[in-house]
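Since the model is a prediction, treat every value here as computed from it, not as a measurement.
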Amino acid sequence: QFTMETRWYLSSYRAASDVRFAISQYPSEEMSFSRWQVNWAGICALLKTSIVLLRVDSKRCYPGPLKDSLAEAWHRLGRHKDEFPLYWDFVNHERNNILKEYEFSAYAQYLKEDGTIQDVPTLLGMIGAKQILKIAKGPFAGRDALELASDAAAWTISYIDEAIREAGLDPDERVTASNFLRRQQGLPAVEQEATGGGLLAYLEPAMTKGEDSATAVEHVSDEKEKGQ
(Lines give C-alpha, C1' and ligand atoms only; values in the text may rest on other atoms or scores of the structure.)
Protein backbone atom coordinates (compact mmCIF):
# COMPACT_ATOMS: atom_id res chain seq x y z
CA GLN A 1 0.00 0.00 0.00
CA PHE A 2 1.35 3.42 -0.99
CA THR A 3 1.54 5.84 1.92
CA MET A 4 2.83 9.35 2.44
CA GLU A 5 2.93 11.88 5.25
CA THR A 6 -0.45 13.40 6.06
CA ARG A 7 0.73 16.92 5.22
CA TRP A 8 1.51 15.92 1.62
CA TYR A 9 -2.19 15.38 0.90
CA LEU A 10 -2.73 19.13 1.28
CA SER A 11 -2.11 21.43 -1.67
CA SER A 12 -1.08 24.19 0.74
CA TYR A 13 1.82 22.11 2.03
CA ARG A 14 2.94 21.02 -1.44
CA ALA A 15 3.06 24.66 -2.58
CA ALA A 16 5.06 25.68 0.50
CA SER A 17 7.44 22.79 -0.11
CA ASP A 18 7.96 24.05 -3.66
CA VAL A 19 8.95 27.43 -2.24
CA ARG A 20 11.73 25.75 -0.30
CA PHE A 21 12.84 23.96 -3.44
CA ALA A 22 12.79 27.18 -5.46
CA ILE A 23 14.94 28.93 -2.86
CA SER A 24 17.41 26.04 -2.76
CA GLN A 25 17.71 26.19 -6.54
CA TYR A 26 18.10 29.96 -6.68
CA PRO A 27 21.07 30.67 -8.97
CA SER A 28 24.18 31.35 -6.96
CA GLU A 29 26.02 32.82 -9.90
CA GLU A 30 25.55 36.43 -10.96
CA MET A 31 22.14 36.93 -12.55
CA SER A 32 20.78 39.41 -15.00
CA PHE A 33 18.29 41.94 -13.66
CA SER A 34 15.39 40.25 -15.45
CA ARG A 35 16.36 36.78 -14.28
CA TRP A 36 16.39 37.58 -10.57
CA GLN A 37 13.09 39.46 -10.92
CA VAL A 38 11.41 36.43 -12.47
CA ASN A 39 12.82 34.07 -9.83
CA TRP A 40 11.83 36.38 -6.99
CA ALA A 41 8.33 36.91 -8.38
CA GLY A 42 7.80 33.15 -8.56
CA ILE A 43 8.93 32.62 -4.96
CA CYS A 44 6.67 35.37 -3.62
CA ALA A 45 3.68 34.19 -5.64
CA LEU A 46 4.08 30.62 -4.36
CA LEU A 47 4.39 31.82 -0.78
CA LYS A 48 1.05 33.64 -0.98
CA THR A 49 -0.53 30.73 -2.86
CA SER A 50 0.48 28.23 -0.18
CA ILE A 51 -1.48 30.24 2.41
CA VAL A 52 -4.53 30.85 0.21
CA LEU A 53 -4.66 27.10 -0.43
CA LEU A 54 -5.60 26.59 3.22
CA ARG A 55 -9.05 27.83 2.23
CA VAL A 56 -9.08 25.62 -0.87
CA ASP A 57 -7.97 22.56 1.10
CA SER A 58 -10.71 23.15 3.67
CA LYS A 59 -13.34 23.15 0.92
CA ARG A 60 -11.98 19.91 -0.52
CA CYS A 61 -12.05 18.06 2.77
CA TYR A 62 -14.97 15.99 4.01
CA PRO A 63 -16.95 17.51 6.91
CA GLY A 64 -14.96 16.90 10.06
CA PRO A 65 -12.11 18.14 12.26
CA LEU A 66 -9.58 18.76 9.47
CA LYS A 67 -12.00 20.77 7.35
CA ASP A 68 -12.86 22.96 10.34
CA SER A 69 -9.26 23.37 11.43
CA LEU A 70 -8.01 24.45 8.00
CA ALA A 71 -10.87 26.92 7.61
CA GLU A 72 -10.13 28.35 11.07
CA ALA A 73 -6.42 28.69 10.23
CA TRP A 74 -7.34 30.73 7.15
CA HIS A 75 -9.80 33.00 8.97
CA ARG A 76 -7.44 33.47 11.94
CA LEU A 77 -4.98 35.29 9.68
CA GLY A 78 -7.57 37.92 8.89
CA ARG A 79 -8.89 38.30 12.43
CA HIS A 80 -5.47 38.72 14.06
CA LYS A 81 -3.31 40.50 11.51
CA ASP A 82 -1.00 41.95 14.14
CA GLU A 83 0.01 38.42 15.17
CA PHE A 84 1.27 37.51 11.70
CA PRO A 85 3.65 40.26 10.51
CA LEU A 86 5.70 37.86 8.39
CA TYR A 87 2.61 37.03 6.36
CA TRP A 88 0.97 40.46 6.11
CA ASP A 89 4.06 42.70 5.95
CA PHE A 90 6.13 40.46 3.70
CA VAL A 91 4.34 37.57 1.96
CA ASN A 92 1.08 39.34 1.20
CA HIS A 93 2.65 42.78 0.71
CA GLU A 94 5.46 41.68 -1.60
CA ARG A 95 3.20 39.43 -3.68
CA ASN A 96 0.72 42.28 -4.20
CA ASN A 97 3.52 44.72 -5.01
CA ILE A 98 4.82 42.46 -7.74
CA LEU A 99 1.63 41.07 -9.27
CA LYS A 100 -0.50 44.20 -9.02
CA GLU A 101 2.04 47.01 -9.50
CA TYR A 102 5.18 45.18 -10.66
CA GLU A 103 7.26 46.77 -7.93
CA PHE A 104 9.95 44.90 -6.01
CA SER A 105 11.05 45.43 -2.42
CA ALA A 106 14.07 43.21 -3.00
CA TYR A 107 16.97 44.49 -5.02
CA ALA A 108 20.41 43.25 -5.97
CA GLN A 109 23.52 44.37 -4.13
CA TYR A 110 27.12 43.26 -4.19
CA LEU A 111 28.85 41.93 -1.09
CA LYS A 112 32.60 42.52 -1.36
CA GLU A 113 35.25 40.29 0.15
CA ASP A 114 35.90 42.86 2.89
CA GLY A 115 32.25 42.67 3.99
CA THR A 116 31.16 46.01 2.55
CA ILE A 117 28.13 46.30 0.29
CA GLN A 118 27.74 48.29 -2.90
CA ASP A 119 24.50 48.91 -4.78
CA VAL A 120 26.14 49.58 -8.15
CA PRO A 121 29.81 48.60 -7.95
CA THR A 122 32.45 49.59 -10.43
CA LEU A 123 33.74 46.95 -12.83
CA LEU A 124 36.82 46.61 -10.66
CA GLY A 125 34.70 46.47 -7.51
CA MET A 126 32.70 43.55 -8.89
CA ILE A 127 35.80 41.33 -8.90
CA GLY A 128 35.43 38.86 -6.04
CA ALA A 129 32.06 40.33 -5.04
CA LYS A 130 29.00 38.16 -4.43
CA GLN A 131 25.60 39.24 -5.68
CA ILE A 132 22.94 39.21 -2.96
CA LEU A 133 19.32 40.29 -2.65
CA LYS A 134 18.31 42.75 0.06
CA ILE A 135 14.90 44.03 1.15
CA ALA A 136 14.95 47.77 0.41
CA LYS A 137 11.98 49.06 2.41
CA GLY A 138 9.27 48.23 4.88
CA PRO A 139 9.46 46.50 8.28
CA PHE A 140 12.06 44.03 6.98
CA ALA A 141 14.33 46.57 5.29
CA GLY A 142 17.94 45.44 5.24
CA ARG A 143 17.14 41.74 5.56
CA ASP A 144 18.63 39.25 3.13
CA ALA A 145 15.67 38.60 0.82
CA LEU A 146 16.27 34.87 0.35
CA GLU A 147 16.73 34.33 4.09
CA LEU A 148 13.47 36.19 4.71
CA ALA A 149 11.67 34.08 2.10
CA SER A 150 13.12 30.95 3.70
CA ASP A 151 11.84 32.08 7.10
CA ALA A 152 8.41 32.70 5.55
CA ALA A 153 8.35 29.22 4.01
CA ALA A 154 9.33 27.64 7.33
CA TRP A 155 6.59 29.62 9.11
CA THR A 156 4.02 28.61 6.48
CA ILE A 157 4.83 24.92 6.84
CA SER A 158 4.71 25.22 10.64
CA TYR A 159 1.35 26.97 10.41
CA ILE A 160 -0.07 24.22 8.18
CA ASP A 161 1.28 21.51 10.49
CA GLU A 162 -0.31 23.29 13.45
CA ALA A 163 -3.70 23.26 11.71
CA ILE A 164 -3.32 19.53 11.06
CA ARG A 165 -2.48 18.85 14.71
CA GLU A 166 -5.44 20.93 15.90
CA ALA A 167 -7.62 18.50 13.96
CA GLY A 168 -6.14 15.63 15.97
CA LEU A 169 -3.96 14.37 13.13
CA ASP A 170 -0.21 13.88 12.99
CA PRO A 171 1.35 15.69 9.97
CA ASP A 172 4.29 13.24 10.07
CA GLU A 173 2.15 10.09 10.03
CA ARG A 174 2.29 8.10 6.82
CA VAL A 175 -1.20 7.05 5.72
CA THR A 176 -2.91 5.68 2.63
CA ALA A 177 -5.24 7.90 0.65
CA SER A 178 -8.28 6.05 1.95
CA ASN A 179 -7.18 6.40 5.57
CA PHE A 180 -6.48 10.08 5.02
CA LEU A 181 -10.12 10.53 4.00
CA ARG A 182 -11.26 8.58 7.07
CA ARG A 183 -9.08 10.69 9.36
CA GLN A 184 -10.67 13.85 7.95
CA GLN A 185 -13.98 12.69 9.40
CA GLY A 186 -12.48 11.75 12.77
CA LEU A 187 -12.67 8.04 11.97
CA PRO A 188 -9.89 5.59 12.90
CA ALA A 189 -7.59 4.18 10.25
CA VAL A 190 -8.35 0.72 8.93
CA GLU A 191 -6.17 -2.01 7.50
CA GLN A 192 -6.47 -2.09 3.72
CA GLU A 193 -6.39 -5.36 1.82
CA ALA A 194 -3.68 -5.64 -0.76
CA THR A 195 -6.27 -5.88 -3.52
CA GLY A 196 -7.59 -2.44 -2.64
CA GLY A 197 -11.19 -1.50 -3.13
CA GLY A 198 -13.44 1.42 -2.43
CA LEU A 199 -11.46 4.64 -2.72
CA LEU A 200 -8.27 2.91 -3.86
CA ALA A 201 -10.14 1.28 -6.71
CA TYR A 202 -11.33 4.75 -7.68
CA LEU A 203 -7.81 6.17 -7.45
CA GLU A 204 -6.01 3.42 -9.33
CA PRO A 205 -7.01 4.53 -12.88
CA ALA A 206 -5.70 8.04 -12.21
CA MET A 207 -2.53 6.83 -10.54
CA THR A 208 -1.72 4.46 -13.39
CA LYS A 209 -1.74 7.53 -15.65
CA GLY A 210 1.20 8.90 -13.71
CA GLU A 211 -0.64 11.01 -11.14
CA ASP A 212 0.57 10.85 -7.57
CA SER A 213 -1.82 9.95 -4.80
CA ALA A 214 -2.23 13.56 -3.67
CA THR A 215 -3.39 14.63 -7.15
CA ALA A 216 -5.71 11.65 -7.32
CA VAL A 217 -7.17 12.57 -3.94
CA GLU A 218 -7.89 16.06 -5.27
CA HIS A 219 -9.77 14.53 -8.19
CA VAL A 220 -11.82 12.41 -5.81
CA SER A 221 -12.65 15.49 -3.76
CA ASP A 222 -13.61 17.44 -6.89
CA GLU A 223 -15.95 14.65 -7.96
CA LYS A 224 -17.43 14.61 -4.47
CA GLU A 225 -18.16 18.37 -4.66
CA LYS A 226 -19.80 18.02 -8.06
CA GLY A 227 -22.10 15.36 -6.68
CA GLN A 228 -23.27 17.49 -3.75
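- Within the 4.5 Å cutoff, side-chain heavy atoms of L86 are placed close to those of L148.
- A heavy-atom distance below 4.5 Å is not found between the side chains of E166 and D68.
- Looking only at side-chain heavy atoms (C-beta outward), E5 and P171 stay at 4.5 Å or farther from each other.
- Hydrophobic clustering of Ile, Leu, Val, Met, Phe, Trp and Tyr side chains at less than 4.5 Å, counting indirect connections, keeps L146 apart from F21.
- Put simply, NZ on K134 and OG on S105 are 14.5 Å apart, with the number rounded to the nearest 0.5 Å.
- Remark: L10 CG to L53 CG distance equals 9.5 Å, nearest 0.5 Å.
- The aromatic rings of F90 and W40 lie tilted to each other, with the angle between the two planes from 30° to 60°.
- Taking 4.5 Å as the limit, some side-chain heavy atom of D89 sits within range of a side-chain heavy atom of F140.
- A 4.5 Å side-chain heavy-atom check between D151 and R143 finds at least one atom pair inside the cut-off.
- Between L47 and V91 there is a side-chain heavy-atom pair separated by less than 4.5 Å.
- Remark: the backbone N or O of S11 is paired with a side-chain donor or acceptor of D57 at under 3.5 angstrom.
- At least one donor-acceptor pair under 3.5 Å links the side chain of R14 to the backbone N or O of W8.
- Distance alone, capped at 3.5 Å, is enough to place a donor-acceptor pair between the Y9 side chain and the A177 backbone.
- Ring orientation note: the planes of W155 and Y159 are close to parallel, at an angle under 30° on the 30°/60° scale.
- Between K67 and E72 there is no salt bridge, since none of the side-chain N atoms of the basic residue sits less than 4.0 Å from a carboxylate O of the acidic one.
- In this structure, W88 contributes its side chain and L77 its backbone to a donor-acceptor pair below 3.5 Å.
- Judged purely by atom type and a 3.5 angstrom limit, T49 uses its side chain to pair as donor or acceptor with the backbone of A45.
- Rounded to the nearest 0.5 angstrom, T6 OG1 and Q184 CD are separated by 10.0 Å.
- Under 3.5 Å, the side chains of T176 and Q1 contain no donor-acceptor pair of N or O atoms.
- A donor-acceptor contact shorter than 3.5 Å links the side chain of T156 to the backbone of A152.
- A salt bridge links D172 with R7; the closest basic N to acidic carboxylate O contact falls under 4.0 Å.
- With contacts defined as side-chain heavy-atom distances shorter than 4.5 Å, the pair E173/R183 qualifies.
- Remark: side-chain polar atoms of S69 are paired, donor with acceptor, to backbone N or O of A163 under 3.5 angstrom.
- Counting only heavy atoms from C-beta outward, the side chains of Y62 and R182 never approach each other to under 4.5 Å.
- One hydrophobic cluster holds both F2 and F180 under the rule that ILVMFWY side chains link at heavy-atom gaps under 4.5 Å.
- The hydrophobic clustering, which links ILVMFWY residues whose side-chain heavy atoms are closer than 4.5 Å, places L99 and L46 together.
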